[in-house]
Amino acid sequence: MLSGKVLIVAEKDSVARTVAAYLSGGKVKVLRVGKIKTYHFTWRGCSCVALGLRGHIMDFDFEERYNSWLRVSPEVLFKVDPVLVVREETVKYVRVLRYYASRVNTIILALDSDSEGEAISYEVILATYSVNPRLRYYRALFSAITKRDIEKAFNSLTAPRPEIAKKVFARMILDLTLGAVFTRVLTLSVRKYLGDKLGSRFLSYGPCQSPVLNLVVQRALEREKFKPEKYYTIHVYAKTEDGKPLRLDHVRTYRSKEEAQKVAQRVKEHGFAKVTLVRNIKVKIPPPKPLDTVELERRLSRFFNIRAKIALDIAEELYRNGYISYPRTETTIYPPTLNLREILQELLATEHREYVQELLAQPKLTPTRGNTDDKAHPPIYPTAGATREELLSRFRRREFWIVYDFVTRHFLATLSPPARVLRQEVIAKAENVELRVTGVKILELGYWRIYPFEKVSEKIVPELRPGEKLRILRVEVRENETKPPPYLSESELLKLMRAYGIGTDATMQDHIHTNVVRGYFRIFRKRCIPTELGKTLILVLSKHASRLVDPHFRARMEKLLSEIVQGRDPRSVIEEMKREAYQYYLRLRGKLDEIGRELAEAFLKTFRYARSK
DNA sequence: GCAAGGTC
């Protein structure tokens with residue numbers, strides 16, 4: 001099937017390098033063209049060159065003449081087709097692609113086996129077919145960067161799937177069109193009220209960023225609407241028969257203070273409580289599953305108050321420097337080809353040496369296992385052992401060490417035994433008033449030894465037996481108040497985004513970050529607090545175009561787009577979505593003055609506040 | 001100057 005000369009294109013350099021190494025059997029010549037590395041080798045008698053891109057090489061944009069926000073009415077953008085253009089930063093890649101394309105007879109598209117990879121494949125075809133009419137294109141689909149998978153993919157090449165590429169292109173067109181139209185109309189609405197005060201700022205809308213903002217705002221509104229209510233609880237201080245002190249709580253709460261006091265009085269007069277139930281349950285707490293991107297971000301936020309964007313930026317840098325594996329993954333199962341013992345050997349160079357030795361001494365390693373596999377990248381794990389000093393001197397920032405050490409501990413935890421605790425519960429009755437005390441006793445630390453972030457605090461209840469009498473010393477009625485729900489934490493937000501299907505593992509933190517940069521919400525002590533501007537933006541959009549900010553909007557759009565893969569004409573899908581968006585546009589346009597006034601007022605509050613802080 | 005998705 002193949003003969004002569006072959007160009008292999010991968011999504012990133014590391015994959016091109018690995019493919020070359022596996023197919024060549026080891027003999028690879030590396031040539032640099034500017035900053036781009038090309039890998040030359042022989043495979044099945046063909047002379048091959050492999051190179052890695054940096055993701056997409058093309059992008060959609062509106063033609064130059066639509067760039068004026070003032071002279072071009074936003075609705076015009078619904079009627080024009082954005083054009084696919086080579087990105088400035090990737091012109092050099094296209095040049096190299098074309099150079100080789102004119103000198104080979106076959107291009108193998110070894111891009112990631114997801115829809116983005118299919119789209120990038122198509123971009124490569126668009127960039128090269130004109131320089132060599134005899135070119136043949138094949139697709140190599142591998143589900144892991146392992147020798148077996150790569151060889152299998154290259155021995156069973158398939159055809160590119162343009163319908164998947166077209167779905168991605170349709171998404172790009174819709175994201176751009178909706179983003180541009182609504183960003184411009186919102187920004188223009190406040191112009192006449194704000195003038196120069198707007199500065200270089202603008203009010204953005206996006207099919208991912210805005211539903212994310214909505215989630216944050218809804219929680220804040222719940223919080224604001226919340227009316228605290230008083231309630232009363234009863235607490236009993238008692239002594240066991242052998243003299244140990246013990247506090248029991250009445251299982252009920254009361255709205256009325258008088259009623260609570262009456263019950264408390266009855267308990268007090270009764271003088272003792274009789275133990276009716278002693279329950280001790282041994283519970284196993286399993287170690288965490290192998291780490292994916294979202295979980296890395298969520299845990300670093302929860303455990304260390306590190307923002308998701310910072311977490312991924314640092315993980316990226318650690319990856320580039322060879323300390324951890326590729327940080328953008330949805331996989332939570334270690335592939336069978338991953339040599340866990342080898343990684344442990346590496347980790348002997350860390351300060352967890354002794355713990356690592358214990359694990360290595362075990363005859364069999366049994367890692368935990370999640371249930372997701374993106375078929376592209378393994379879970380995140382450390383790839384080199386390093387000390388605190390090494391990381392601190394190399395990166396100069398404490399967070400690098402925190403992230404690296406976290407990844408290491410998490411990896412070790414997944415190979416560790418569960419923690420074991422004893423959950424204790426004692427019920428006692430004074431007259432007919434039910435009292436309870438609960439406790440936790442740690443039986444075995446298990447993985448908590450290396451992963452103390454999840455360790456529970458111990459509270460031990462003295463040993464009691466049913467029928468035992470507890471002498472009541474004091475009874476207390478406490479006044480409490482119901483509390484509003486807290487602002488959404490960044491960790492919860494990421495979880496919700498994943499559940500609603502907003503963004504991808506690699507972009508979720510971006511959508512959060514965009515909202516922060518736009519001044520829509522702040523993150524303070526791990527929690528997302530919307531500004532006046534963020535709240536007003538959601539209020540305005542909810543009133544006139546609620547679907548655009550609905551958390552389900554992204555998933556709905558994806559579902560519609562997937563019809564393209566089933567054979568539907570992309571143009572008809574794009575038109576359908578645009579028609580709907582146009583209706584929302586008309587509604588907003590009908591209320592432009594009112595909307596502009598509200599947003600302008602909120603804008604001033606938000607940025608006056610930001611400056612005065 | 002608009003978005004979201006790759007990648008560094």
Answer yes or no: is there an ion pair linking A:Arg597 with A:Glu594, defined by an N-O contact shorter than 4.0 Å?
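Answer for the salt bridge query: no.
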Are any of the side-chain nitrogens in A:Arg171 or A:Glu558 under 4.0 Å away from the carboxylate oxygens of its partner?
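Answer for the salt bridge query: no.
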Could you pull out the closest heavy-atom pair between A:Tyr381 and A:Ile343, with the gap in Å?
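Taking A:Tyr381 first and A:Ile343 second, the nearest heavy atoms are CD1-CD1, 3.5 Å.
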Under 3.5 Å, is there an N or O donor on one side and an acceptor on the other linking the side chain of A:Arg184 and the base of B:dC2?
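Yes, the side chain and the base share a sub-3.5 Å donor-acceptor pair.
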A:Asp61 (side chain) and B:dC2 (base): donor-acceptor pair under 3.5 Å
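It does, because a donor-acceptor pair links the side chain of A:Asp61 to the base of B:dC2 below 3.5 Å.
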Give a yes or no on this: more than 12 heavy atoms of other residues, nucleotides or ligands lie within 6.0 Å of atom [atom1] of [X].
X	atom1	answer
A:Arg95	CZ	no
A:Arg556	CZ	yes
A:Lys35	NZ	no

Distance alone, cut at 3.5 Å: any donor-acceptor contact between the side chains of A:Asp149 and A:Ser143?
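A:Asp149 vs A:Ser143: donor-acceptor pair found between side chains.
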What does [X] touch in the nucleic acid at a heavy-atom separation under 4.0 angstrom: a base, only the sugar-phosphate, or nothing?
X	answer
A:Phe182	nothing
A:Gly503	sugar-phosphate
A:Glu317	nothing

Counting side-chain heavy atoms from C-beta on, which of [options] comes nearest to [X]?
X	options	result
A:Trp69	B:dC2, B:dA4, B:dC8	B:dC2
A:Asp175	B:dA3, B:dG6, B:dC8	B:dA3
A:Arg171	B:dC8, B:dT7, B:dA4	B:dA4
A:Thr507	B:dA3, B:dC8, B:dG6	B:dG6
A:Arg518	B:dC2, B:dA4, B:dT7	B:dC2
A:Asp59	B:dC2, B:dA4, B:dG1	B:dA4
A:Leu176	B:dA4, B:dC8, B:dC2	B:dC2
A:Thr187	B:dC8, B:dA4, B:dG1	B:dG1

Please give, in whole Å, the distance from [N] [atom2] to [X] [atom1]?
X	N	atom1	atom2	result
A:Met58	B:dA3	CE	C1'	19 Å
A:Tyr323	B:dC8	OH	P	18 Å
A:Leu537	B:dC2	CG	P	16 Å
A:Asn67	B:dA3	CG	P	14 Å
A:Ile120	B:dC8	CD1	P	11 Å
A:Asp196	B:dG1	CG	P	18 Å
A:Leu312	B:dT7	CG	C1'	11 Å
A:Lys37	B:dT7	NZ	P	17 Å

Take A:Leu178 and A:Asp13, find for each the nucleotide of DNA chain B with the closest heavy atom, and name the residue whose nucleotide sits nearer the 5' end.
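Nearest-nucleotide comparison on DNA chain B picks A:Leu178.
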Assuming nearest nucleotide by heavy-atom distance, tell me which of A:Arg54 and A:Glu558 is located more 5' along DNA chain B.
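Its nearest nucleotide being more 5', the pick is A:Glu558.
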Check whether any side-chain nitrogen or oxygen of [X] sits under 4.0 Å from OP1 or OP2 of [N], and answer yes or no.
X	N	answer
A:Tyr326	B:dT7	yes
A:Arg328	B:dG6	no
A:Thr504	B:dG6	yes
A:Thr183	B:dG1	no

